[in-house]
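Here's the structure, in structure tokens; my notes come after.
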Amino acid sequence: MFASVYDDVLRRNPGETEFHQAAREVLETIGPVLAKHPEYVENKIIERVFEPERQIIFRVPWEDDRGEVHINRGFRVEFNSVLGPYKGGLRFHPSVYLGIVKFLGFEQIFKNGLTGLPIGGGKGGSDFDPKGRSDREVMRFCQSFMTELYRHLGEYTDVPAGDIGVGQREIGYLFGQYKRITNRYESGVITGKGLSYGGAQVRTEATGYGCAFFVEEMLKARGSSFDGRRVVVSGSGNVAIYAIAKVRELGGVVVACSDSSGYVVDEKGIDLDLLKQIKEVERRRLSAYAERRGTDVATYVPGGNVWEVPCEVALPSATQNEITGRDAEALVRGGCIAVGEGANMPTMPEGVRVFREAGVAFGPGKAVNAGGVATSALEMQQNASRDSWTFEFSERRLQEIMSDIHARCLETADEYGMPGDYVAGANIGGFKRVADAMMALGLI
Ligand code: GLU
């Protein structure tokens with residue numbers, strides 16, 4: 001590893017542990033590419049890539065339904081725009097601070113590079129907690145957030161989208177306020193929009209579908225498939241729901257999913273319509289799923305750890321650092337043969353090590369969950385040409401993109417002497433595309 005570069009990252013970004021973790025993981029795998037390309041080292045490509053081009057932190061004041069005033073903090077880290085406008089979601093969650101936004105923005109650079117599409121890397125969000133807030137409160141918050149952020153955005157500058165806590169409702173309010181302030185119908189300034197005002201088919205489903213497509217490719221590469229396999233998906237948000245949907249279409253049986261309060265096991269396979277009703281319409285806890293499904297079919301385990309449920313394929317799709325080394329050991333013991341990260345950095349470094357040593361096919365988030373942002377780029381493409389594609393065509397494009405990313409990861413891992421290593425393949429593949437463009441554009 002490049003100890004002095006890593007020491008610099010630690011020194012310049014004190015306390016930002018998630019960013020340190022993401023930086024370390026990349027540094028540990030890009031050695032071979034730097035050995036082959038001394039010009040990257042001479043031109044300090046790594047040092048430059050670790051330093052965001054711009055970081056914006058702002059105050060977000062808003063009033064709740066009772067008239068009480070709240071102050072939140074807003075962030076946008078514009079990390080790297082060498083491949084295109086900054087692109088990446090907004091996360092609204094109480095855990096959000098600069099370290100989280102930076103780790104996500106950093107990952108996004110390579111993820112977006114890996115898609116082969118013209119998008120740079122950025123991320124933003126706020127420590128605002130939408131849980132339990134009324135629609136009006138969420139709207140007022142989004143309007144206040146955009147009243148500051150709008151000046152930094154633009155279809156050629158910076159294009160946000162959703163992430164945890166930011167779905168179509170929030171994107172609508174954010175876009176509405178941007179449109180009002182700027183007096184421009186600039187559709188391509190934000191993605192994940194509703195279909196009635198410039199959104200793209202399959203964007204809602206894209207991250208989850210893409211995750212299932214990628215894992216299907218991983219299984220295929222081992223002469224296998226989802227067919228009849230027992231699958232556990234963590235989370236029950238946008239990524240998890242559509243991963244469950246596609247896994248089921250591909251023949252797998254998803255027996256468990258989770259939320260921050262616990263997990264539910266349903267040996268007959270998670271009932272997707274019921275899950276969507278509880279989570280997307282009623283915005284309730286998973287306990288309500290078990291109650292409605294019938295406790296003879298589904299068991300809700302309050303406070304439980306979903307990785308205790310044995311499975312052959314695990315799709316961590318909740319949040320960062322949700323699989324510890326111990327969880328990984330439990331998964332391996334339970335017969336897990338493949339892991340696909342639907343979330344960003346859900347597996348802790350010890351967990352990755354356990355999977356690697358056990359020979360589990362391990363697909364990192366940068367590759368596995370890239371379908372979301374890739375479909376965002378397709379949304380930008382449709383907005384730019386004032387076109388809208390069919391669901392079937394868009395899904396086919398997504399499937400092709402995921403299969404290309406899978407192939408690129410494997411080819412790159414082979415080329416650099418680490419056959420079958422998706423982590424190295426994704427990191428090197430993404431890094432190389434960014435580094436070559438940085439070399440071409442000079443010292444900026
Ligand atoms: N938040 C998503 C991600 O982690 C999507 C970002 C986007 O569509 O811009 O990649």
Side-chain angles (χ1 to χ4, degrees), residues 18 22 75-81 83-93 96 100-115 117-126 149 153-155 157-168 170-171 174-175 187-194 198-211 214 235 237-243 315-320 340-346 363-383 394 397-398 401-402 405 426 430:
E18 295 81 2
F75 301 90
R76 186 75 182 164
V77 173
E78 299 183 332
F79 229 117
N80 194 302
S81 61
L83 297 177
Y86 307 107
K87 183 81 197 86
L90 298 170
R91 176 176 292 192
F92 291 170
H93 190 269
V96 168
I100 293 269
V101 182
K102 253 192 224 172
F103 119 65
L104 290 164
F106 183 71
E107 294 272 300
Q108 201 84 46
I109 306 172
F110 306 106
K111 184 196 305 193
N112 296 2
L114 209 51
T115 66
L117 296 161
I119 38 178
K123 203 85 186 192
S126 173
L149 189 64
L153 307 183
E155 63 176 321
T157 313
D158 186 349
V159 182
D163 195 86
I164 294 172
V166 179
Q168 230 175 69
E170 290 74 16
I171 294 292
L174 291 163
F175 179 64
S187 305
V189 75
I190 195 161
T191 61
K193 299 182 291 298
Q201 296 283 0
V202 188
R203 177 62 192 90
T204 308
E205 297 83 356
T207 313
Y209 276 20
C211 167
F214 192 97
N238 170 267
V239 180
I241 285 176
Y242 293 100
L315 306 179
S317 305
T319 194
Q320 69 276 353
E341 294 189 323
N344 290 310
M345 207 169 72
K366 276 185 205 88
V368 175
N369 72 40
V373 77
T375 308
S376 277
L378 303 183
E379 182 172 334
M380 291 162 74
Q381 204 174 321
Q382 289 165 79
N383 292 152
S394 311
R397 284 286 295 125
L398 170 64
I401 290 170
M402 296 317 294
I405 295 175

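We count ligands from 1, going down the list as the structure has it; atoms in each ligand are counted the same way. Values reported hereafter were calculated over all heavy atoms of this structure, with side chains retained and with hydrogens, waters and symmetry mates removed. Sequence positions, counted from 1, serve as the residue numbers for this chain.
- Scanning for salt bridge (Lys or Arg N to Asp or Glu O under 4.0 Å) contacts around E341 gives an empty result, with sequence neighbours left out.
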Do any nitrogen or oxygen atoms of ligand 1 lie under 3.5 Å from a protein nitrogen or oxygen, and which ones?
residue  : atom   : partner : partner atom : Å
ligand 1 : 1 (N)  : K123    : NZ           : 3.1
ligand 1 : 1 (N)  : G162    : O            : 2.9
ligand 1 : 1 (N)  : D163    : OD1          : 2.9
ligand 1 : 4 (O)  : K111    : NZ           : 3.0
ligand 1 : 4 (O)  : K123    : NZ           : 3.0
ligand 1 : 4 (O)  : N344    : ND2          : 3.1
ligand 1 : 8 (O)  : R203    : NH2          : 3.0
ligand 1 : 8 (O)  : S376    : OG           : 2.6
ligand 1 : 9 (O)  : K87     : NZ           : 2.7
ligand 1 : 10 (O) : Q108    : NE2          : 3.1
ligand 1 : 10 (O) : K111    : NZ           : 2.8

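- Remark: the backbone N or O of G198 is paired with a side-chain donor or acceptor of N383 at under 3.5 angstrom.
- N112 places a side-chain N or O within donor-acceptor distance of the main-chain N or O of K87, the cut-off being under 3.5 Å.
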Report the C-alpha distance between R91 and F75 in whole Å, list the side-chain angles of each, state the deciding distance to 0.1 Å, and finish with yes or no for side-chain contact (heavy atoms from CB on, under 4.5 Å). CA-CA 9 Å; R91 176 176 292 192; F75 301 90; over 6 Å; no
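- Listed by first then second residue, pairs satisfying salt bridge (charged side-chain N to carboxylate O under 4.0 Å, His left out) with a partner in residues 368-380 read K193-E379, not counting sequence neighbours.
- Listed by chain and number, the residues in a side-chain hydrogen bond (donor to acceptor under 3.5 Å, both in side chains) with N344 are K111, N369 (sequence neighbours excluded).
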